[in-house]
Amino acid sequence: MWPGVALSLEIMETIYSKKSKFQQIDLYQTRHHGKMLVLDGIIQLTEFDEFTYQEMMTHLPLFSHPDPKSVLVIGGGDGGVLREIGRHDVVEKIDFCEIDEAVIAVSKKFLPELGCGFDDSRVNVHIGDGNAFIQKKINAYDVIIVDSSDPIGPGEVLFKKAFYEGLKNALKPGGIIATQGESIFMHQEWVGTLAGITRELFLVQAYANIYVPTYPGGNIGICMGSLGPKLVTPARQICQSIQDQLKYYTPQMHKAAFVLPYFAEKLLKES
Ligand code: SPD
């Protein structure tokens, strides 16, 4: 996907390697970064830095919402986002829709620190197409998180305007979405497209940038839309017992993530 650009990690062992109905799934033991999950040749996570992405994908929207009771996660079959949502007692119901049940099985078996997200009794698992799932939902969720792979293969449909229209319709008044927003360095066309779509559809739109050393460019974005609440400042206080479980998110990081380099500001404005 990124001709001329590569990241090298030394692999000690292949733990799992199989083609599912939808994609090639590989799990490796690396020398330094722990286990690494790769889908269709693209790194999805390593044990070394997965916390940055899962925490920010989850806590940015959940702390931006004043009272998130009903949450939907699309994608994220590894369970990491579910693990993070589980820290919020205020959440009553977590619907989860993933197209590839083989990813869930691999995570539960080999990545227990992520797969544990499925142990939460509030989680209802639906196996199927996220776009089809969302188009049937109206006024159902306070927060929707889309933890997708990249816009090729099974994730492609999740980067289209029709999908975002479905997300908007599925939100309750005052609802918030957070979607995997690619890299302001490596994927400017996709970032621009997502920003344009969310600006057109939502009352409030914002884009956060976070460090993820093993993603292309060492960073990734989170594209957010809101039907009411501000996004760039938390609406709820974090209690110390949750803060102590986290490694990346703090109320200060919440605000800082939306402060972007000038070129990215311009890209988002002009999209
Ligand atoms: N370029 C890779 C983007 C991967 C985003 N999804 C990762 C899944 C982690 N829960």
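Every number for a ligand or one of its atoms is a count from 1 in the order of the listing.
Note on ring orientation: taking the six-membered ring where Trp is involved, the planes of Phe48 and His33 are parallel (angle under 30°, cut-offs 30° and 60°).
If you run side-chain hydrogen bond (donor to acceptor under 3.5 Å, both in side chains) between Arg83 and each of Glu50, Glu55, Gln245, only Glu50 comes through.
For the pair Lys35 and Tyr28, the cation does not sit on the ring face, since its NZ or CZ is not both under 6.0 Å from the ring centre and inside 45° of the axis.
A side chain to side chain donor-acceptor pair (under 3.5 Å) check over residues 224-242, counting only residues at least two apart or in different chains, returns the pairs His88-Arg236, Gln240-Asp244.
In this structure, atom 7 (C) of ligand 1 lies nearest to the protein heavy atom Tyr215 OH, 3.2 Å. In this structure, atom 9 (C) of ligand 1 lies nearest to the protein heavy atom Asp78 OD2, 3.2 Å. When hydrogens are left out, the protein atom nearest atom 5 (C) of ligand 1 is Ser148 O, 3.1 Å; that is the closest non-hydrogen contact. Of the protein's non-hydrogen atoms, Gln44 OE1, 3.3 Å is the one closest to atom 4 (C) of ligand 1.
Checked by distance only, ligand 1 and Asp147 come closer than 3.5 Å through their nitrogen or oxygen atoms. The shortest N or O to N or O distance between Gln180 and ligand 1 is not below 3.5 Å. The shortest N/O to N/O separation between Ser149 and ligand 1 does not fall below 3.5 Å.
Of all the atoms in ligand 1, the ones that sit under 4.0 Å from a non-hydrogen atom of Gln54 are 9 (C), 10 (N). Proximity to Ile43 (heavy-atom distance under 4.0 Å) selects the following atoms of ligand 1: 2 (C).
Put simply, no part of Ser183 is less than 4.0 Å from ligand 1, judged by heavy atoms.
Side-chain N/O atoms of Asn131 and Gln135 include a donor and acceptor closer than 3.5 Å.
Atom CD of Glu113 has 12 or fewer neighbouring heavy atoms from other residues, nucleotides or ligands inside a 6.0 Å radius. Atom OH of Tyr211 has 12 or fewer heavy atoms from other residues, nucleotides or ligands within 6.0 Å.
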